Amino acid sequence: MQTHKQASDFSLEEHLAAFERGCVDLVDKKDLSKLLESRLAKGQGLRVKFGMDPSSADLHIGHSIPLLKLRDLQALGHTIVLIVGDSTAMVGDPTGRSKLRPVLTREEVDENLRTYVEQAALILDMERVEVRRNSEWFDSLNFEGLLKLCTRMTVAQMIERDTFQTRMEAGEPIGINEFLYPLMQGWDSVEVKADVELGGTDQLFNLLVGRRLQGQEEQRPQVVFTTPLINGLDGRKMSKSYGNAVGLKDDARTMTFAIMRLDDTAMPVWFTQLTRVPDSEMATLLAGHPREAKARLAFEVTAGYHGEEAAREAAQAFDREVRDKQLPDDIATTEWQDDWGDALPLPNLLSQMGLVQSTSDGRRMIQQGAVRFDGEVQSDARATCARPAERLLVQVGKKRVGYLAG
RNA sequence: GGGGAGGUUCCCGAGUGGCCAAAGGGGACAGACUGUAAAUCUGUUGGCUCAGCCUUCGCAGGUUCGAAUCCUGCUCUCCCCA
């Protein structure tokens with residue numbers, strides 16, 4: 001049985017440093033310092049609240065930033081309280097100009113929670129996390145209770161929030177229900193008696209509502225702090241739908257290859273937020289050759305999820321395949337189908353092999369000189385390919401490869 | 001409730017009867033360059049049995065030789081007034 005350290009085993013300075021490292025907003029430091037002091041004196045840690053959105057469960061490394069922070073705090077003996085926003089999710093959150101999000105059923109929430117915990121467990125010790133669903137208190141809050149909650153804030157206070165401002169100026173719709181969000185999230189803090197709440201920088205407004213509501217309930221207002229949102233591989237906000245995200249469940253190879261494609265300018269933030277390489281070492285790396293720094297970054301992150309050996313292998317594969325332009329180890333083989341007859345037009349062949357999206361796409365690739373058979377460029381889109389006697393290597397661009405067997 | 005403006009291809013956005021598979025930008029993909037990127041230059045970006053044909057401009061009808069463009073109904077969004 002492993003015994004965990006207590007908060008009082010660490011100095012105030014160590015606690016403060018852990019909170020402050022890589023943090024963007026901290027409201028406010030004095031409160032935190034005083035709070036820590038009084039709790040440590042009693043041999044207690046803090047209750048650190050963190051909310052998860054159960055409407056999606058696919059986590060990417062952007063999500064890992066607060067989780068890593070929570071892990072640091074957990075190691076210092078603080079209690080992590082994970083709020084599952086099942087009630088908030090069921091309100092249905094219309095995001096920007098897109099359509100209403102479908103309202104989630106209990107079953108979907110359960111399923112998303114399960115996969116979330118599974119992924120969060122890659123980082124946190126979930127055994128020691130207090131998981132609370134906010135339906136626990138919102139289900140019993142009747143209409144009167146809801147009205148009361150609504151009186152806690154004014155419309156003016158609500159639309160101070162920059163996202164509302166922006167959307168109003170852009171003429172985009174805002175649902176009334178969206179005003180309920182911050183209130184509900186803030187009320188969660190009251191219910192779990194949070195000492196501290198962590199969120200991404202986009203959550204600052206919501207986090208501050210928690211402070212306000214706790215104050216009104218004569219609780220000590222929570223300390224609020226935020227971690228940055230990192231951009232995706234292409235510099236835009238990291239999001240699964242932009243296809244610029246690195247998934248927590250991506251395999252070592254995918255992870256390493258993706259991180260190696262990262263924009264140089266994003267490295268300092270990624271290093272600080274996604275690794276725990278000591279500051280001085282980080283500075284040395286960043287001052288050196290960007291390629292080396294990035295390789296180290298990829299290694300650190302990948303090793304965190306897959307272990308050092310897998311990370312090393314992935315790095316070697318990257319050097320071999322991308323730097324030295326050699327073929328990957330595992331190339332899928334497509335067997336020649338009998339109904340293709342004796343020969344198949346090149347665009348159709350590429351499409352059948354799944355190397356291009358459509359025959360038309362294949363035709364374009366050929367015209368652009370992207371298609372190679374055994375290394376030889378095929379530039380005639382009208383040409384056909386006969387059933388090969390020996391295994392034929394088919395390449396489209398730099399990344400798409402396949403074998404064709406006769 | 002009244003008035004006005006809108007819904008266009010992955011996204012933003014131009015297009016008011018044929019020259020529109022639809023300008024321009026973004027993104028993506030491909031080629032050159034490179035450090036693995038970025039930046040830059042070039043090209044491509046609905047589908048197909050591909051010099052032709054088919055499908056697409058909120059939805060459903062209609063007018064017309066011909067509609068993203070005109071008409072009718074429906075639907076969704078924004079703004080102003082109440």
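Numbers restart at 1 for each chain; the letters A, B, ... are given by sequence-line order, proteins then strands. Bear in mind that the values here come from a model prediction, so they are computed numbers and not experimental data.
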More than 12 heavy atoms of other residues, nucleotides or ligands under 6.0 Å from CD of A:Gln337: is that the case?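 Yes, because the 6.0 Å sphere around CD of A:Gln337 holds more than 12 heavy atoms from other groups.
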Quick check: are there more than 12 heavy atoms from other residues, nucleotides or ligands sitting under 6.0 Å from CZ of A:Arg382?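 For A:Arg382, atom CZ is not crowded (no more than 12 foreign heavy atoms under 6.0 Å).
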To the nearest Å, how far apart are [X] [atom1] and [N] [atom2]?
X	N	atom1	atom2	value
A:Gln367	B:rA30	CD	C1'	12 Å
A:Trp270	B:rA37	CH2	C1'	12 Å
A:Met168	B:rC79	CE	C1'	12 Å

Spatial distance of atom CG (A:Leu248) from atom OG (A:Ser64) [nearest 0.5 Å]: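 If we round to the nearest 0.5 Å, A:Leu248:CG and A:Ser64:OG are 6.0 Å apart.
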Could you state the interatomic distance from CZ (A:Arg211) to CD (A:Gln222), rounded to the nearest 0.5 Å?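 That separation rounds to 8.0 Å.
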C1' spacing across the pair B:rC71 / B:rG17, given as an integer number of angstrom: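 About 13 Å, rounded to a whole number of Å.
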P gap between B:rU9 and B:rG46, integer Å: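 Comparing P positions in B:rU9 and B:rG46 gives a spacing of 13 Å.
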Can you name the ring-ring contact (aromatic ring centres under 6.0 Å, His included) partners of A:Phe257, sequence neighbours left out?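 Only A:Phe318 meet the ring-ring contact (aromatic ring centres under 6.0 Å, His included) criterion with A:Phe257.
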With sequence neighbours left out, what residues match A:His63 under ring-ring contact (aromatic ring centres under 6.0 Å, His included)?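 A:His63 satisfies ring-ring contact (aromatic ring centres under 6.0 Å, His included) with A:His60 only.
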In the strands shown, is [N] matched to any nucleotide by a Watson-Crick or G-U wobble pair with both distances under 3.5 Å, and which?
N	value
B:rU55	none
B:rA14	none
B:rU34	none
B:rG1	B:rC81
B:rA67	none
B:rC20	none
B:rU44	B:rA28

Output the residues of residues 301-311 of chain A in contact with RNA chain B, where contact means a heavy atom of the residue under 4.0 Å from an atom of the strand; sort by number or write none.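 The stretch gives none, as no residue of it lies under 4.0 Å from the strand.
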Qualifying residues under side-chain hydrogen bond (donor to acceptor under 3.5 Å, both in side chains), relative to A:Thr163, sequence neighbours excluded: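 Expected list: none.
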Any N/O pairs under 3.5 Å between the protein and nucleotides 51-57 of chain B? List them or say none.
none

Tell me what A:Phe318 touches on the nucleic acid: a base, only sugar-phosphate, or nothing, going by heavy atoms under 4.0 Å.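 Sugar-phosphate: the residue A:Phe318, judged by heavy atoms under 4.0 Å, touches backbone atoms but no base.
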Both A:Met260 and A:Pro347 contact RNA chain B. Which one's nearest nucleotide lies toward the 5' end?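 Final value for this comparison: A:Met260.
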Looking only at side chains, do A:Asp361 and A:Ser351 share a donor and an acceptor under 3.5 Å apart?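 No - no donor-acceptor pair under 3.5 Å links their side chains.
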Does a donor on one side chain sit under 3.5 Å from an acceptor on the other, for A:Thr256 and A:Thr302?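 Per modelled atom types, A:Thr256 and A:Thr302 side chains form a pair under 3.5 Å.
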Between A:Arg261 and B:rA38, is there a side-chain N or O to OP1/OP2 distance below 4.0 Å?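 Checking A:Arg261 against B:rA38: no side-chain N or O falls below 4.0 Å of OP1 or OP2.
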Show every donor-acceptor pair shorter than 3.5 Å between a side-chain atom in residues 398-406 of chain A and any protein atom, with sequence neighbours excluded, or say none if there are none.
from	atom 1	to	atom 2	distance (Å)
A:Arg400	NH1	A:Leu355	O	3.3
A:Tyr403	OH	A:Arg391	NH2	3.4

Using atom names, set out every protein N or O paired with an N or O of nucleotides 47-49 of chain B below 3.5 Å, distance rounded to 0.1 Å.
from	atom 1	to	atom 2	distance (Å)
B:rG47	OP1	A:Ser358	OG	2.7
B:rG47	OP2	A:Arg364	NH2	2.3
B:rC48	OP1	A:Thr359	N	3.1
B:rC48	OP1	A:Thr359	OG1	2.7
B:rC48	OP2	A:Thr359	N	3.2
B:rC48	OP2	A:Ser360	N	2.6
B:rC48	OP2	A:Ser360	OG	2.6
B:rU49	OP1	A:Asn348	ND2	3.2

Dump the pairs, protein N or O against N or O of nucleotides 1-10 of chain B, anything under 3.5 Å, distances to one decimal.
none

Kindly indicate, with the supporting measurements, whether the criterion salt bridge (charged side-chain N to carboxylate O under 4.0 Å, His left out) is fulfilled by A:Lys294 and A:Asp263. CA-CA 9 Å; A:Lys294 204 174 292 177; A:Asp263 185 343; over 6 Å; no
Can you tell me if A:Gln395 uses its side chain to pair, donor with acceptor, with the backbone of A:Phe373 under 3.5 Å?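 Absent.
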Counting N and O atoms only, with roles assigned by atom type, does the side chain of A:Glu14 sit under 3.5 Å from a partner on the main chain of A:Ser11, one being a donor and the other an acceptor?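 Side chain of A:Glu14 to backbone of A:Ser11, a donor-acceptor pair under 3.5 Å: yes, one is there.
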Enumerate the residue pairs fulfilling side-chain hydrogen bond (donor to acceptor under 3.5 Å, both in side chains) with a member in residues 268-283 of chain A, sequence neighbours excluded, ordered by first and then second residue.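 Every side-chain hydrogen bond (donor to acceptor under 3.5 Å, both in side chains) pair that includes a residue of residues 268-283 of chain A, provided the two are not neighbours, is A:Asp72-A:Arg276, A:Glu281-A:Arg296.
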Give the table of side-chain donor-acceptor pairs shorter than 3.5 Å for residues 338-348 of chain A, with sequence neighbours excluded, one pair per line with atom names and distance.
none

N/O-N/O pairs, protein side and nucleotides 31-35 of chain B side, under 3.5 Å:
from	atom 1	to	atom 2	distance (Å)
B:rG35	N1	A:Asp264	OD2	2.9
B:rG35	N2	A:Asp264	OD1	3.1
B:rG35	N2	A:Asp264	OD2	3.1

With sequence neighbours excluded, give me every salt bridge (charged side-chain N to carboxylate O under 4.0 Å, His left out) pair touching residues 181-204 of chain A.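 For residues 181-204 of chain A: A:Arg39-A:Asp195, A:Lys49-A:Glu197.
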With ring-ring contact (aromatic ring centres under 6.0 Å, His included) as the test, would you mind laying out the steps for A:His78 and A:Phe19 before giving the verdict? CA-CA 11 Å; A:His78 299 292; A:Phe19 276 98; 5.6 Å; yes
